[in-house]
Amino acid sequence: MTSCSVFWQTASRVRPHQNVNAKDIFGIILRVIGVGYVGYGLHYFLSLGYVAMHHNASAGWSSFDYLLAGVYYLFVGLCLLRGSRYVVRFAYPREGDDESRAP
């Protein structure tokens, strides 16, 4: 079975006109931002390795600063990737929740 036939069989199972609402789009946006943060955190970790090997940090930055920035961005990015459903649930509460009603 070729890869093209597998693609078309998979594509035929997916309904092309699924309803996408604002809640789904918001979740996707949060995950994309999370991927960006993870990438930025990896950039800081690679910069940390470069600074450690060549002993030339940017003005005012030490190796520890690169480490802290990398940990921060990775943590926030992973929280957005793994916990975006909680943020979406907070931003778009269900209709029947008693807590979502205004006093």
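With sequence neighbours left out, Val32 forms a side-chain contact (heavy atoms from CB on, under 4.5 Å) with Ile28. In this structure Arg82 satisfies the side-chain contact (heavy atoms from CB on, under 4.5 Å) test with no other residue, sequence neighbours excluded. Among residues two or more places apart in sequence or in another chain, the side-chain contact (heavy atoms from CB on, under 4.5 Å) test is passed with Val71 by Phe45, Leu67.
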Below 3.5 Å, can you tabulate the donor-acceptor pairs from side chains in residues 72-80 to any protein atom, sequence neighbours excluded?
none

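In the hydrophobic cluster analysis, where Ile, Leu, Val, Met, Phe, Trp and Tyr join through side-chain heavy atoms closer than 4.5 angstrom, Phe90 is grouped apart from Ile29. In the hydrophobic clustering of ILVMFWY residues, with side-chain heavy atoms under 4.5 Å counting as a link, Leu46 and Leu68 come out apart.
Applying the side-chain hydrogen bond (donor to acceptor under 3.5 Å, both in side chains) rule to pairs touching residues 24-51 yields Arg31-Ser84, sequence neighbours excluded.
Side-chain contact between Arg89 and Arg94: present, with at least one pair of heavy atoms (C-beta onward) separated by less than 4.5 Å.
Between Val51 and Ser63, the closest heavy-atom pair is CG1-OG, 3.6 Å.
Here the straight-line distance linking atom CG of Leu42 with atom CG of Leu48 works out to 12.0 Å at 0.5 Å rounding.
In this structure, Tyr86 stands alone, with no Ile, Leu, Val, Met, Phe, Trp or Tyr side-chain heavy atom under 4.5 Å from its own, directly or through other members.
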